[in-house]
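Scope of the values below: all heavy atoms of this structure, side chains included, with no hydrogens, waters or symmetry mates. By convention in this document, chain letters (A, B, ...) are assigned in the order of the sequence lines, proteins followed by strands, and residues within each chain are numbered from 1.
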Amino acid sequence: MTADSSKNERYNAREAEIRWQKAWSEQGIFATKNDDPRPKYYVLEMFPYPSGRIHMGHVRNYTMGDVVARFKRAMGNAVLHPMGWDAFGMPAENAAIDRKVHPKAWTYDNIAAMKKQLQSMGLSLDWAREIATCDPAYYKHQQKMFLDFLKAGLVERKQSKVNWDPVDQTVLANEQVIDGRGWRSGAEVEQRELTQWFFKISDYSEDLLRALDTLDRWPDKVRLMQKNWIGRSEGLLLRFALDPATTPNKETELEIFTTRPDTLFGAKFMALSPDHPLAQAAAAKNPKLAAFIEQCHRMGTAQAEIDTAEKLGFDTGIKAVHPFDANWKLPVYVANFILMDYGTGAIFGCPAHDQRDLDFVNKYGLGNTPVVCPPGQDPKTFVITDVAYDGDGRMINSRFLDGMSIEEAKEAVAKRLEKETRGNSPVAQRQVNYRLRDWGISRQRYWGCPIPIIHCEKCGVVPVPEKDLPVTLPEDVTFDKPGNPLDRHPTWKSVKCPKCYGPARRETDTMDTFVDSSWYFYRYTDPWIKTAPTDRKIVDEWLPVDQYIGGIEHAILHLLYSRFFTRAMHKTGHAGVDEPFAGLFTQGMVVHETYRAKNGDWIEPANVKIEGLGDARHAILASTGEPVEIGSIEKMSKSKKNTVDPDDIIAAYGADTARWFMLSDSPPDRDVIWTEEGVQGAWRFMQRLWRLIGEIAEIDAPKTRPATFGEPALVVRKAAHRALANVSEDIDKLRFNRCVAHIYEFANALSDAIGQIESAPAGDLAWALHEAGDILVRLFHPMMPHLAEECWAALGHKTLVATESWPKVEPELLVESTITLPVQINGKKRADVTIARDAEKSDIEAAVLALDAVKKALEGKSPKKVIVVPGRIVNIVA
RNA sequence: GCGGACGUGGCGGAAUGGUAGACGCAAGGGACUUAAAAUCCCUUGGGAGAUUUCCCGUGAGGGUUCGAGUCCCUCCGUCCGCACCA
């Protein structure tokens, strides 16, 4: 394309994008070599689940990662930027049930389709390292690590609850429980205990918590969420005596955990989890209690469901003895909001200072006694009715604790009860407790990584010998019935015990897909190695990931599990780092207006026409003209049909337009609203850049740099280098929306400069314009790589801009000799003062006081105070 | 229920505690054109005023400060996560 024709022709994105993608791929410029001597930089976006088509969220995520990858490459790094597929999971089995396709075929078809879509985006990925977690060549190593973790004591089997669908006779995921009912059968869900495999993540609670402080390139909110999730609390493990006359089997004590021992004198009741052994024992002798416990189990296992369910209790008749008063008896209830997983599964309730306990006593008429009095409140009149008080204050109604602060009271109670003994052990001991539970990885499903274990009646649980790995999934499975196809497969689970060679059966549970995604980024460093999950030398060179980018929805689980896995891999020798992700960025979602027809059906944006403006803005069905209701702006989802297909956008405007729009306007960590106008704006700017570069290409410029620059040339050069400095800093900090704004500003400045040229520009200006053009193209290259290549060629370069280095800023072009400072009087702007950049404070003060506006405001009086903030502002306090 | 965030013009947003509204979108006016599209130029937070001026204004209310969109407290609203969705 010549410069001359470029002036008149539109940039044909469709044609050019395919051409440049081919050029990149033929020259193999994005293939990463592990022996590349340059400084390594690992940029990674969360890999997609192969659902069938990429969505705009993917476009946003992968565009951001690609900008970083291209920028770091230009900065001289060896960049690892791989892609793969989180390919196991429920949707494949649902497709098998609904459409009678095999999960494997469905998954690989989807991968092929989505790979093609991703490639059309022009991402600078090293496809040679592509992995799919459903590939036995991948999960073989996962099984190996499971066995290594088992040997290292990081795996255990224990009982745990699942959602059970009594009609389909199958385990349900929380997602498959809708309003307490199974999504297919509609039956009321029950809780059921199963023996399952767990990774002992709780062994690392303290370490996972402490190391958060070292993750200084993670968002604070994510660190805070993880901290709260781990939930460290210091408290007291306290043994209450029970009145044996009231207990089912002469039990004599009940151990509870509390973080508020200071409130012991406000205790009104004890409460047990329905799964507590004492509750179970009591239920065995009390059919009404047994029925109550059964009722407690008639709900799903989701935390939100348990917490929002009505608080219910059942008085067991058992009496507990207050630790400070043998005559003080407390009723023991079974309550549906007490979890067996946390603490000891039993609590004492102090209703005045805990809202849940207060709701409970108000329901069962047990009353409350406030024991902490807020500052400024009269203890005599302080009462609690509906709202518990959980703030600071002084102890009241608490005998020997009265007058103490909460902390002093906690200490006093602990000291006293620690010393007291019953039997041979102390009544209480201090304990650090964590909310974090072990990671249950067993799933009663087909499409996942088989757990490499064999159950033998004689030998018990036997690991599959390493030579027999991978344990592969059988392909001849049926999905005509609910339940786990592996379990009902006629032959797959029958094996010989590796120890005694007797008949045995395979473990039919597969692993949680979070296991797959907890180490995929290790595998990318050497996806070819067959003998081990990782090559220690290579993995330690690349890890940790320098920049990880993905959705905020993964802030806790995926990231915490990956952090645990890193520790476990370190312990078992598969990696040498302590943290997997040095830098983390959580992007916002892509959202869109919703549209609804009169009959309530959701309508796709592609079928809607928007008319009118402001209050008159309304929507109609494009085909019939029928009115359509414009709904709220929501996350793009299939269910609300408010999706825009990236393929359609790329076909209409090109990948660069989609990429540019994704980076414009909204800050990357916030939601972005997809609008047709915004896309068109991006497209127009792309065309404008093309015209602008075409105009520069037409100008003849001297080959060598002029010795001096006149004012017009200097203006252009300053704009170019300021843009360069700003964009560089903002890409580095992933503030892509500001990069976009700086590029607009730069393009506007360049257009102005070119507009002012009347005849052929002088040599220095021509040179400066070409310099600016070269800088501009390299600045927008990470965002719009195809257009950048086309422009780079138009400017006469024979190289690929994708392999060019980042331009170097000339710092002397960034500083001005004079600056203009705003002048405030009592905090309100009243004037400006222009002064030498390096002026002394006293000079600035003198110049400011000489201003007419300041003299007028002061009315001849001298100012009370003059505040000079160098380079920023002057404020006069009159 | 628990945990986390967010709230600034008509819209998306910008603003190390220091000129609120950069940049874009939309709108209005103009140029070019037979016309349209495209492109280019100008205007655009609200109010008052004759330009160069003043007042108000960052969800609401308080506080800290010479100075608050930014920090602190209370409240209101919206969104996200909650351990078997990925």
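- Summarising the base pairing, B:U39 is matched to B:A31 through a Watson-Crick or G-U wobble pair whose two defining distances lie under 3.5 Å.
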Identify the pairs formed between an N or O of the protein and an N or O of nucleotides 49-58 of chain B at a distance under 3.5 Å, and give each distance.
residue : atom : partner  : partner atom : Å
B:C55   : OP1  : A:Arg830 : NH2          : 3.1
B:C56   : OP2  : A:Lys828 : NZ           : 3.0

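- In this structure, CD1 of A:Ile673 is placed 15 Å from P of B:A26, rounded to the nearest angstrom.
- Residue A:Asn737 places at least one side-chain N or O closer than 4.0 Å to OP1 or OP2 of B:A14.
- Judged by distance alone, with hydrogens and angles left aside, A:Arg688 brings no side-chain donor or acceptor close enough to the base of B:U39 to form a pair under 3.5 Å.
- Below 30°, between 30° and 60°, or above 60°: for A:Phe564 and A:Phe199 the angle between ring planes is between 30° and 60°, a tilted geometry.
- One interatomic measurement links the two molecules: CZ of A:Arg356 to C1' of B:G1, which rounds to 8 Å at whole-angstrom precision.
- Between A:Trp439 and A:Phe198, a ring centre-to-centre spacing not shorter than 6.0 Å is recorded.
- B:C54: Watson-Crick or G-U partner is B:G47, with both key distances under 3.5 Å.
- With a 6.0 Å cutoff to the six-membered ring centre and a 45° limit on the axis angle, A:Arg435 counts as a cation-pi contact of A:Trp229.
- The CE-P distance, from A:Met299 to B:G1, rounds to 15 Å in whole Å.
- Side chain of A:Asn228 to backbone of A:Gly231: no donor-acceptor contact under 3.5 angstrom is found.
- Rounded to a whole Å, the CD1 atom of A:Ile819 is 15 Å from the P atom of B:G18.
- When atom types are taken as modelled, the side chain of A:Arg232 and the backbone of A:Ser205 share no donor-acceptor pair closer than 3.5 angstrom.
- Across all strands shown, B:C80 is found opposite B:G3 as a Watson-Crick or G-U wobble partner, with both distances under 3.5 Å.
- The base of B:G3 lies outside donor-acceptor range of the side chain of A:Asn228, with no N or O pair under 3.5 Å.
- Here, B:G69 and B:C80 have their P atoms 30 Å apart, quoted to the whole Å.
- A donor-acceptor pair under 3.5 Å links the side-chain atoms of A:Asp438 to the main chain of A:Ser202, judged by distance alone.
- Between A:Met225 atom CE and B:C2 atom P the separation is 17 Å, expressed in whole Å.
- Shown here, B:G9 is classed syn by the O4'-C1'-N9-C4 or O4'-C1'-N1-C2 angle, which is within 90° of 0.
- When the C1' atom is compared between B:C84 and B:C75, the two are found 38 Å apart, to the nearest whole Å.
- Using atom P as the reference point in both B:G67 and B:A14, the two lie 27 Å apart (nearest Å).
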Under 4.0 Å protein heavy-atom contacts per nucleotide of nucleotides 74-86 of chain B, with B for base, S for backbone only and - for none: --------BBBBB

In the 5'-to-3' direction, what one-character label does each nucleotide of nucleotides 64-73 of chain B receive under the scheme B = base within less than 4.0 Å of a protein heavy atom, S = sugar-phosphate only, - = no such atom? --BS------

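- A distance-only check finds a donor-acceptor pair linking the side chain of A:Arg223 to the backbone of A:Leu212 [under 3.5 Å].
- Without hydrogens or angle criteria, A:Gln355 side chain to A:Asp386 main chain gives a donor-acceptor distance under 3.5 Å.
- Each of A:Pro870 and A:Gln355 has a nearest nucleotide on RNA chain B; the 5'-most of these lies closest to A:Gln355.
- B:U52 and B:C71: their P atoms are spaced 35 Å apart (whole Å).
- With respect to A:Phe47, the ring-ring contact (aromatic ring centres under 6.0 Å, His included) criterion is satisfied by exactly one of A:Phe521, A:Tyr62, A:Tyr520, A:Trp519: A:Tyr520.
- Of all nucleotides present, none satisfies the Watson-Crick or G-U wobble test against B:A86 with each distance under 3.5 Å.
- Salt bridge status for A:Arg443 with A:Asp512: present, with a side-chain N to carboxylate O gap under 4.0 Å.
- The shortest distance between side-chain heavy atoms of A:Gln191 and A:Trp164 does not fall below 4.5 Å.
- A gap of 14 Å separates the C1' atoms of B:G21 and B:G10, to the nearest Å.
- Using atom P as the reference point in both B:C56 and B:C6, the two lie 29 Å apart (nearest Å).
- Nucleotides B:G57 and B:G9 are separated by 10 Å at their C1' atoms, to the nearest Å.
- Aromatic pair A:Tyr548/A:Phe585: ring centres not closer than 6.0 Å.
- Protein atom NE2 of A:His742 is 13 Å distant from nucleotide atom P of B:G24, rounded to whole Å.
- Taking atom CZ of residue A:Phe736 and atom C1' of nucleotide B:G12, one finds them 18 Å apart after rounding to whole Å.
- The side chain of A:Arg684 contributes no N or O atom lying less than 4.0 Å from OP1 or OP2 of B:G24.
- One can place CH2 of A:Trp660 at 12 Å from P of B:C25, the figure rounded to the nearest angstrom.
- Side chain of A:His58 to main chain of A:His55: a donor-acceptor pair is present (N/O by atom type, distance under 3.5 Å, no hydrogens or angles).
- Only the P atoms considered, B:C40 is 42 Å distant from B:U78, to the nearest whole Å.
- Across all strands shown, B:U74 forms a Watson-Crick or G-U wobble pair with B:A60, both key distances being under 3.5 Å.
- B:G12: Watson-Crick or G-U partner is B:C23, with both key distances under 3.5 Å.
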The test is ring pair (Phe, Tyr, Trp, His ring centres under 6.0 Å); show your working for A:Trp674 and A:Phe661 and say whether it passes. CA-CA 9 Å; A:Trp674 184 273; A:Phe661 176 66; 4.8 Å; yes

